[in-house]
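To start, the structure itself, in structure tokens.
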Protein chains: 2
Amino acid sequence: MNELLRALPLDEEATHAHTGAWVASVLRTRIAEGRLRPGSKLSEQSLAQALGVSRNTLREAFTVLGNELILTRIPNRGVFVASPGMDDVREIYAVRRMIEPAALQWGPELNVPGLERIVKRARAALASGKIEAMADANQRFHEEVVRASGSAQLQELMTRVLAQMRLVFHAMSDAPDFHSHYVELNASLVDLLRAGERDQAAQALRGYLDTAETELLAHLKDRMAADGS
Amino acid sequence: MNELLRALPLDEEATHAHTGAWVASVLRTRIAEGRLRPGSKLSEQSLAQALGVSRNTLREAFTVLGNELILTRIPNRGVFVASPGMDDVREIYAVRRMIEPAALQWGPELNVPGLERIVKRARAALASGKIEAMADANQRFHEEVVRASGSAQLQELMTRVLAQMRLVFHAMSDAPDFHSHYVELNASLVDLLRAGERDQAAQALRGYLDTAETELLAHLKDRMAADGS
DNA sequence: CGAGGAAAGATTGTTGAACAATCTTTGATT
DNA sequence: AATCAAAGATTGTTCAACAATCTTTCCTCG
């Protein structure tokens with residue numbers, strides 16, 4: 001239980017304006033980094049003390065992160081870091097399969113050079129073996145795709161969904177490298193886009209997302225069977 | 001200022017479990033009904049007293065509705081019912097132009113009979129002059145379209161966006177009847193879908209959304225010019 | 001008479017303590 | 001060992017207080 005406290009070194013300062021939002025962002029970061037593992041219980045009293053805020057303010061942050069599906073709130077039981085299951089993965093890909101191809105096909109602010117730059121960075125990271133940076137670039141790629149939609153709300157939804165994806169990966173620490181062989185697939189998407197074949201790019205992306213989902217689901221199924229034994 | 005209190009007759013009972021969420025839903029309903037007009041200031045003290053909850057609980061509801069963009073929070077100034085402007089309308093249609101056609105074209109749970117039923121109801125409401133019910137059916141139609149995506153998060157986003165749309169209409173009480181001539185356009189969409197022409201349906205919907213946006217923006221522009229004089 | 005600005009008043013942001021309701025653990029009993 | 005009640009801990013909610021900030025009032029000065 002004291003792991004919680006060690007995981008929160010309080011690097012930043014309290015901004016004294018909108019403390020609730022600040023607490024939310026701290027927790028968001030800690031969860032994204034994997035320092036708070038899926039399933040962990042977040043005790044109000046301990047956390048409030050560790051963060052140096054009141055229980056009320058902490059609760060405001062819980063409300064925000066609960067809406068983002070990063071935290072799971074069980075009434076009278078407490079809040080936990082969400083640990084997404086197979087249904088959640090299906091939901092995540094249902095979202096992505098809609099908005100990412102739509103942005104590629106119809107997005108009014110498609111930025112092909114920006115995508116090229118990200119692919120380049122991903123390739124460099126992959127070549128130098130920095131899988132952390134590579135996964136990061138991969139995420140940036142898909143965020144940039146949705147940015148083409150020109151909608152801040154869709155972009156925010158995509159950010160949320162990618163945060164949930166990170167939770168999925170953190171939930172299975174023995175994950176094989178799902179990201180690296182998507183670098184070249186993303187590159188081929190950029191090729192299609194540069195040629196102006198937006199319909200084909202959207203179609204291809206749908207295919208990639210389909211296979212990614214089935215791969216993930218298969219691995220998750222094995223994982224859960226392993227847990228059961 | 002006492003208008004606020006009169007607008008909140010407290011029909012329902014407090015459920016004593018998750019009061020914050022209950023307060024949020026009460027305010028959501030009041031705003032959707034137009035009893036709390038865009039731009040109104042919601043004073044914490046008055047509202048908390050009127051609703052019979054503490055300021056802290058009310059604040060939790062404010063956090064939720066602020067994330068839904070139904071309330072605008074200005075630090076140290078207070079919270080106001082959002083009054084969407086032209087940029088917000090553009091954002092709304094940027095979202096709709098992505099997710100609605102995507103759901104029509106690719107949604108795995110497209111329910112054409114359900115859409116037919118809604119169109120039928122809309123026609124009946126239009127014929128009997130109940131524009132209230134007709135606007136409601138129109139909204140249902142677009143919610144059902146997004147339901148085809150099979151994603152709860154996309155559906156929630158659509159519900160949020162439609163709530164913002166209602167705010168736009170409430171902001172201009174002199175709105176002409178934007179809805180009624182879309183009943184037949186929705187019907188023609190259903191015709192295309194029944195014929196299995198999902199691509200064409202998506203394309204057509206994009207067109208409808210484009211014209212709806214430009215009409216709305218034009219009217220809003222006039223409205224704002226009228227306000228300025 | 002009007003503009004500027006300081007002081008008073010009101011509102012928001014945040015905290016701490018308190019209490020009821022609910023869950024969890026403990027321990028006694030059978 | 002299983003059952004159940006009491007004790008303990010945690011969450012849900014409220015209240016009261018205070019600092020920070022905004023708004024209004026009113027006074028002074030040009």
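Below, chains carry the letters A, B, ... as their sequence lines are ordered, and counting in each starts from 1. On a predicted model such as this, the values are computed, not experimentally measured, just so you know.
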Against the side chain of B:Thr57, the closest entry in D:dT13, C:dG13, C:dT12 is D:dT13

Which nucleotide in D:dT11, C:dT12, D:dC15 has an atom nearest any side-chain atom of B:Ser54: D:dC15

Please report the distance, rounded to the nearest Å, between NE2 in A:His18 and P in D:dT21. 13 Å

Proximity to the side chain of A:Asn76 - top-ranked nucleotide from C:dT15, D:dG12, D:dC15: D:dG12

Rounded to whole Å, CZ of B:Phe80 lies from C1' of C:dT12 at a distance of 11 Å

Any A:Arg73 side-chain N or O less than 4.0 Å from OP1/OP2 of D:dT11: no

Would you find more than 12 non-hydrogen atoms of other residues, nucleotides or ligands less than 6.0 Å from A:Ile131 atom CD1? no

Whole-Å distance, B:Leu47 CG to D:dT14 P, equals 14 Å

Is there a donor-acceptor pair closer than 3.5 Å between any side-chain N or O of A:Gln153 and the backbone N or O of B:Glu91? no

For A:Lys41 and D:dT10, give me the distance from atom NZ to atom C1', rounded to whole Å. 6 Å

Is there a side-chain contact between A:Thr19 and the phosphate of C:dT14, meaning an N or O under 4.0 Å from OP1 or OP2? yes

Do other residues, nucleotides or ligands put more than 12 heavy atoms under 6.0 Å from the CD atom of B:Gln49? no

Once you round it to whole Å, what is the distance between P of C:dT11 and CG of B:Leu42? 14 Å

Within this structure, what is the CZ-to-P distance between A:Phe62 and D:dT13, rounded to whole angstrom? 15 Å

Do the side chains of A:Arg97 and A:Glu213 get close enough for a salt bridge, i.e. N-O under 4.0 angstrom? yes

From CG of A:Leu58 across to P of C:dT15 the rounded distance in Å is 10 Å

Closer to the 5' end of DNA chain D via nearest nucleotide, is it B:Arg55 or B:Glu60? B:Glu60

Is any side-chain N or O of B:Arg59 closer than 4.0 Å to OP1 or OP2 of C:dG13? yes

Can you tell which of D:dT10, C:dG13, C:dT14 lies closest to the side chain of B:Asn56? C:dT14

Treating B:Thr63 as the side-chain partner and B:Arg59 as the backbone partner, does any N or O pair qualify as donor plus acceptor under 3.5 Å? yes

d(CH2, B:Trp22; P, D:dG12) in whole Å: 18 Å

